[in-house]
Amino acid sequence: MTVVLALVLLVLSVCSLFVGVIDMDIRSLLSGDLEQLEIFLISRVPRLLAILCTGVGMSVAGLIMQQLCMNKFVSPTTGATISSAQFGILLALLFWPGSTLWGRAVFAFGAAVMGTWIFVWFIQRIQFKDVVMVPLVGIMFGNVIGGITNYLAYKYEMTQALSSWLVGHFSMVLRGRYELVYLVVPLVILAFVFANHFNIVGMGKDFSKNLGVHYNLVLFMGLTIAAVITASVVVVVGSISYIGLIVPNVIAMFKGDKIRGTLVDTALFGAVFVLVCDMIGRTVIAPYELPIELIVGILGSILFIALLFYRLSNGRKAVRLKAGSTGCGAVPDLEGGKG
């Protein structure tokens with residue numbers, strides 16, 4: 001699966017470089033056409049890199065949150081992380097109007113981390129943690145933060161300024177305005193290094209204590225990594241929902257719940273998913289472009305409903321391919337356990 005995802009991502013990445021309003025071809029680039037090279041280096045390549053970082057980052061953030069919260073429906077969307085990052089951006093616009101992208105990012109980081117911590121602190125004190133109740137609490141908490149954000153935006157006439165971060169899109173990604181999203185790379189590597197610790201913490205506080213793992217330290221470190229990844233994406237491209245919810249669930253259905261065994265596949269599939277949605281948004285009504293938030297929202301809603309019914313009816317069973325079956329003739333087999 002890893003090799004297939006990597007090859008698909010490579011092919012789609014190359015195709016993405018030549019999808020847009022302005023027609024480009026390899027022959028013109030190789031011949032040294034200055035106009036084509038300028039568009040390629042200033043717009044197409046930065047956009048591709050931002051897409052890949054967004055897909056990888058949001059997927060890994062969702063995987064970490066699901067493991068630490070022991071709930072497959074928790075994600076930056078249903079855990080109030082995205083709403084908190086938007087609130088932080090609004091605070092930056094209000095109290096530091098002339099702030100740069102990095103200045104707004106500092107506010108977004110702080111608000112996203114704080115909002116995620118409060119959400120997890122709150123669900124830890126819920127006695128009956130139904131599989132659906134936890135994300136519903138997160139959605140309601142996120143709506144409260146979103147309501148406060150909208151109220152302040154209307155009161156101080158910041159609605160138009162904030163609108164760029166309410167809907168995710170890559171149309172404004174240009175060289176010099178997207179490099180913040182590179183923070184995703186070291187944070188994903190850090191998540192891979194501490195993947196086993198996240199698995200242990202996901203087993204519960206008593207289990208972690210027996211194995212000598214500091215439960216609260218690893219929990220808050222993982223949540224901080226997920227929150228900072230989410231905030232860096234929101235600051236650059238805006239809000240993109242469902243990626244951190246859908247992608248880890250799809251991969252877990254095939255490869256189980258162990259982070260170290262699924263993190264690479266989750267990252268690759270997340271990048272492929274975002275890249276496909278972006279290409280659809282650029283071509284469906286060309287020469288105009290649909291925000292990727294709209295495409296991801298449509299596909300994500302459908303997949304979310306399907307996953308909801310699957311999880312409620314099958315629990316944590318994983319879809320496995322029988323040994324020796326490959327290609328289109330592979331027969332899915334349901335196996336119990338965590339994979």
Side-chain angles (χ1 to χ4, degrees), residues 1-2 5-6 9 52-82 85 112-113 116-117 119-120 123 131 134-135 138 181 183-204 208 218-234 240-275 296 300 303-304 307-308 310-311 316-319 337-339:
M1 179 182 289
T2 304
L5 287 173
L9 179 60
L52 297 180
C53 289
T54 298
V56 170
M58 295 299 290
S59 301
V60 172
L63 178 64
I64 294 173
M65 293 183 68
Q66 289 173 12
Q67 184 67 30
L68 295 178
C69 296
M70 294 176 286
N71 191 296
K72 282 297 180 180
F73 293 131
V74 174
S75 71
T77 306
T78 58
T81 308
I82 291 179
V113 170
T116 306
W117 285 356
F119 164 70
V120 174
I123 64 173
V131 65
V134 172
V181 81
L183 282 175
V184 168
V185 177
L187 291 173
V188 169
I189 294 174
L190 189 62
F192 185 80
V193 172
F194 289 95
N196 289 333
H197 292 77
F198 296 153
N199 274 324
I200 294 172
V201 169
M203 297 295 181
S208 302
V218 176
L219 175 66
F220 287 113
M221 181 185 69
L223 293 176
T224 301
I225 291 174
V228 173
I229 289 175
T230 303
S232 64
V233 171
V234 172
I240 303 180
S241 306
Y242 293 109
I243 299 174
L245 175 65
I246 299 301
V247 174
N249 274 284
V250 171
I251 296 299
M253 288 170 63
F254 289 90
K255 301 199 68 174
D257 295 334
K258 187 177 179 181
I259 289 185
R260 187 175 289 274
T262 60
L263 191 144
V264 175
D265 295 302
T266 300
L268 290 174
F269 183 65
V272 169
F273 181 69
V274 176
L275 191 55
V296 172
L303 290 175
F304 178 79
L307 285 172
L308 182 64
Y310 176 84
R311 287 292 182 180
R316 298 173 73 87
K317 290 182 180 179
V319 178
K338 296 182 68 176

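Everything numeric here is computed off the predicted structure, so don't read it as measured data.
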Is any side-chain heavy atom of [X] less than 4.5 Å from a side-chain heavy atom of [Y]?
X	Y	value
Val120	Leu68	no
Val113	Phe220	no
Lys255	Thr2	yes
Val250	Phe273	no
Leu183	Ile229	no

Within the distance-only criterion (no hydrogens, no angle test), does the side chain of [X] pair as donor or acceptor with the backbone N or O of [Y] below 3.5 angstrom?
X	Y	value
Gln66	Gly244	yes
Ser208	Ile200	yes
Asn71	Pro135	no
Thr77	Tyr242	yes
Thr78	Phe73	yes

From [X] [atom1] over to [Y] [atom2], what is the distance, rounded to the nearest 0.5 angstrom?
X	Y	atom1	atom2	result
Met58	Leu245	CE	CG	10.5 Å
Ile246	Ile251	CD1	CD1	12.0 Å
Ser59	Ile64	OG	CD1	11.0 Å

Non-hydrogen atoms of [X] and [Y] that approach each other most closely:
X	Y	answer
Phe198	Gln67	O-CG, 3.5 Å
Met65	Pro76	SD-N, 3.7 Å
Gly270	Val247	N-CG1, 3.6 Å
Gly55	Ile243	O-CG2, 4.3 Å
Leu187	Ile225	O-CG2, 3.8 Å
Val296	Ser241	CG1-O, 3.0 Å

Any chance you could lay out the side-chain contact (heavy atoms from CB on, under 4.5 Å) test for Val134 and Cys69, step after step, and finish with the verdict?
CA-CA 9 Å; Val134 172; Cys69 296; 5.6 Å; no
Please determine which of Ile259, Asp265, Leu63, Leu263 meets the side chain to side chain contact (heavy atoms under 4.5 Å, CB included) test together with Pro248.
Leu63
Determine whether Leu52 and Leu9 satisfy the following criterion, side-chain contact (heavy atoms from CB on, under 4.5 Å), listing intermediate values before the conclusion.
CA-CA 9 Å; Leu52 297 180; Leu9 179 60; 3.6 Å; yes
